[in-house]
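Reviewing the structure listed below.
Fair warning: this is a prediction, and the values are worked out from it, not measured in the lab. Position 1 is the first residue of the sequence; numbering continues from there.
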Amino acid sequence: MERRLLQIIAVLASGLTLVGCTPRPQVLVLISMMADQEAYFKNELVPAFEKKYPSVIEVIHYGSTDSIEDIMRQRAGTISLVKVPFDKAGPLMRKGMFAPLSSVLAGDGLKKFKDAYLLTSLGAMDGKQYLVPRKFETRIMVYCKSKVADAAASWRTWKDSIDAVLKHYNGYGLPSTYLLEDDPEQWDYFDIFVAGWIWGHTLYNGKVQSRIGHRGKRYSGTTLRVIDRIFQLGGDSSAVLSMKGDAVVDAICWEAIYTAAGIYNEKMWSERWSGSDIWQRFASGDVFLSFMTQLDCFFLHGTGSDNLDGFFQLPEDMGVATMPRACSVQLDAAGIPHNGSKAVTTGGWWWAIPADAPSPALGFELASFISGTSAQIQECSRFGMIPVRKDILSDMSMMFGGGWIKNIYEMSFKQLVKNGYTVLPGSSNFNEVGRLYLDLIDEVIVNRHWAAEGAFPQREYIREVITSLYQPKIVQTLQTVP
């Protein structure tokens with residue numbers, strides 16, 4: 001009897017061992033994040049998901065977004081979820097690298113998905129939904145409230161001198177009905193010129209210098225600023241990819257004018273500023289206005305946690321507005337410019353399921369978990385992400401309550417609405433096109449040294465350079481098989 005009992009115990013123990021050793025599915029996730037955010041992802045989000053869904057999540061980090069396709073092909077059949085930026089998503093979808101969500105969503109699952117998230121159609125192709133929103137990005141205008149107040153209070157005393165300078169660029173001067181509004185939300189390109197001129201000719205912190213700047217480094221952030229301007233001036237993806245049309249000429253012309261007239265801090269070009277360089281210039285008082293993402297705003301203001309200590313000496317002095325309205329450099333006979341829009345490109349990141357994912361359903365569950373309401377509130381609050389869920393966007397107070405954070409998000413969301421469906425062209429040659437824009441900027445702006453030569457950039461000169469030199473290069477680039 002005792003022997004029989006021992007046999008039964010042995011069998012039961014063996015069964016328990018087999019059950020206990022049943023392997024949990026392994027899910028490989030390909031991501032690229034800031035160090036602090038990646039630590040949060042690995043140490044907090046992943047364990048919470050593994051507890052809810054028995055699985056083992058392995059996180060693979062990639063550095064350059066250009067490496068996504070290569071890594072996916074090298075690890076074919078092993079990756080179940082990929083974090084991919086807007087500009088890479090389109091070409092990868094067209095190459096068949098991702099699985100449609102219909103492969104993991106049954107019944108009314110796809111409808112519920114679209115009801116939960118904003119701008120899902122940007123992640124679709126040929127009538128099929130492929131991408132899950134991760135976060136949205138766009139630029140807004142960031143400025144020092146006190147310095148805007150200075151310009152608004154004194155612009156009339158500067159009007160005649162500014163008018164005379166602008167005549168060199170458009171033959172007329174300021175628009176006939178010109179007024180510098182107190183609220184930058186109402187500003188256009190001429191207002192940027194006027195405020196920049198005043199700041200650049202006023203003594204601040206013991207020196208007189210230009211106080212507006214944006215990214216000047218030879219990278220995509222600088223290209224994006226010019227392409228945003230092209231869209232604002234009425235151009236479309238075709239104009240961006242071909243460098244054809246008045247919108248392209250006017251966009252480059254405004255950049256040249258701001259540089260030549262000393263509206264831009266010239267060090268943004270000579271020192272090739274990146275985003276973090278601009279944060280530092282706000283801190284030192286060398287920049288009073290720029291065009292930044294909501295994440296930049298978090299770094300600029302600071303939260304006091306997650307290494308976000310801030311750069312404004314007085315955080316309450318940081319103001320935000322949607323982008324200035326575009327308008328033409330040239331004025332009509334009545335002294336009125338042609339107006340454009342406030343719409344710039346919407347970017348950001350998606351989650352995608354590889355077409356050969358070994359655990360596509362679990363990959364989708366992980367993407368949904370990360371983008372769930374509670375997880376999104378936590379991550380957006382800590383790391384400055386624009387929410388992608390409609391329930392959060394419809395009631396910002398559920399995440400932020402009030403104050404400066406809520407203001408940044410509301411302004412960013414307002415800008416997203418103004419952007420509509422304005423996104424970067426999805427061409428597989430876009431990186432090469434972007435480099436040609438950087439070459440063009442160097443040729444007619446950075447290396448031209450207009451101010452040092454006492455010269456004034458003219459619109460027709462810029463048109464000729466684009467037409468004769470850069471459009472042929474664009475044609476050759478677009479004909480090249482990647």
Side-chain angles (χ1 to χ4, degrees), residues 8-62 68 71-72 74-84 97-117 120 123 129-135 349-383 385 387-389 391-392:
I8 293 172
I9 292 173
V11 170
L12 289 173
S14 175
L16 289 172
T17 300
L18 289 172
V19 171
C21 290
T22 299
R24 295 188 296 170
Q26 187 176 46
V27 179
L28 271 62
V29 184
L30 187 60
I31 71 168
S32 179
M33 296 180 182
M34 297 183 302
D36 290 328
Q37 196 164 7
E38 187 165 321
Y40 163 77
F41 182 85
K42 290 180 179 178
N43 300 331
E44 298 184 44
L45 280 178
V46 165
F49 179 80
E50 289 174 331
K51 184 176 181 181
K52 184 175 181 180
Y53 298 90
S55 57
V56 177
I57 307 299
E58 180 183 341
V59 178
I60 306 167
H61 176 88
Y62 65 85
I68 295 174
I71 295 174
M72 289 180 66
Q74 290 166 9
R75 291 178 173 264
T78 66
I79 299 172
S80 293
L81 192 65
V82 178
K83 181 172 179 269
V84 58
M97 299 292 287
F98 301 140
L101 297 189
S102 57
S103 64
V104 295
L105 290 174
D108 62 349
L110 195 58
K111 179 181 183 302
K112 290 180 179 178
F113 166 82
K114 292 181 178 180
D115 288 342
Y117 296 100
T120 57
Q129 185 72 38
Y130 285 87
L131 307 174
V132 179
R134 157 68 179 165
K135 66 174 182 176
W349 295 76
W350 303 97
W351 291 114
I353 300 170
D356 59 359
S359 303
L362 205 51
F364 178 77
E365 289 295 347
L366 177 57
S368 301
F369 179 84
I370 296 166
S371 301
T373 301
S374 59
Q376 182 123 130
I377 288 174
Q378 174 79 341
E379 197 168 8
C380 291
S381 299
R382 289 174 63 173
F383 299 104
M385 290 166 38
V388 297
R389 295 189 63 88
D391 55 356
I392 299 175

Which residue, Leu366, Ile60, Val46, forms the side-chain contact (heavy atoms from CB on, under 4.5 Å) with Val29? Leu366
I want to check something: taking the side chain as every heavy atom from C-beta on, are Cys380 and Ile392 in contact at a cut-off of under 4.5 Å? no
If I compare all heavy atoms of Gln376 with all of Arg134, which pair ends up nearest, and what's the gap? NE2-O, 4.1 Å
Phe369 and Phe49 aromatic centres sub-6.0 Å: yes
Between Asp356 and Gly77, the two heavy atoms sitting closest are OD2-N, 2.8 Å
Run the side-chain contact (heavy atoms from CB on, under 4.5 Å) check on Val82 and Met97 step by step: do they pass? CA-CA 11 Å; Val82 178; Met97 299 292 287; over 6 Å; no
Tell me every residue that passes side chain to side chain donor-acceptor pair (under 3.5 Å) with Glu58, counting only those two or more places apart in sequence or in another chain. Gln26
Under 3.5 Å: donor-acceptor pair, side chain of Lys135, backbone of Trp349: no
Between Thr120 and Tyr117, is there a donor-acceptor pair closer than 3.5 Å when you use the side chain of the first and the backbone of the second? no
Nearest heavy-atom approach of Ser103 to Ala99 is OG-CB, 4.0 Å
Is a side-chain N or O of Ser80 found less than 3.5 angstrom from the main chain of Val27, in a donor-acceptor match? no
Using a strict 4.0 Å threshold on nitrogen-to-oxygen distance, state whether Arg382 and Glu44 make a salt bridge. yes
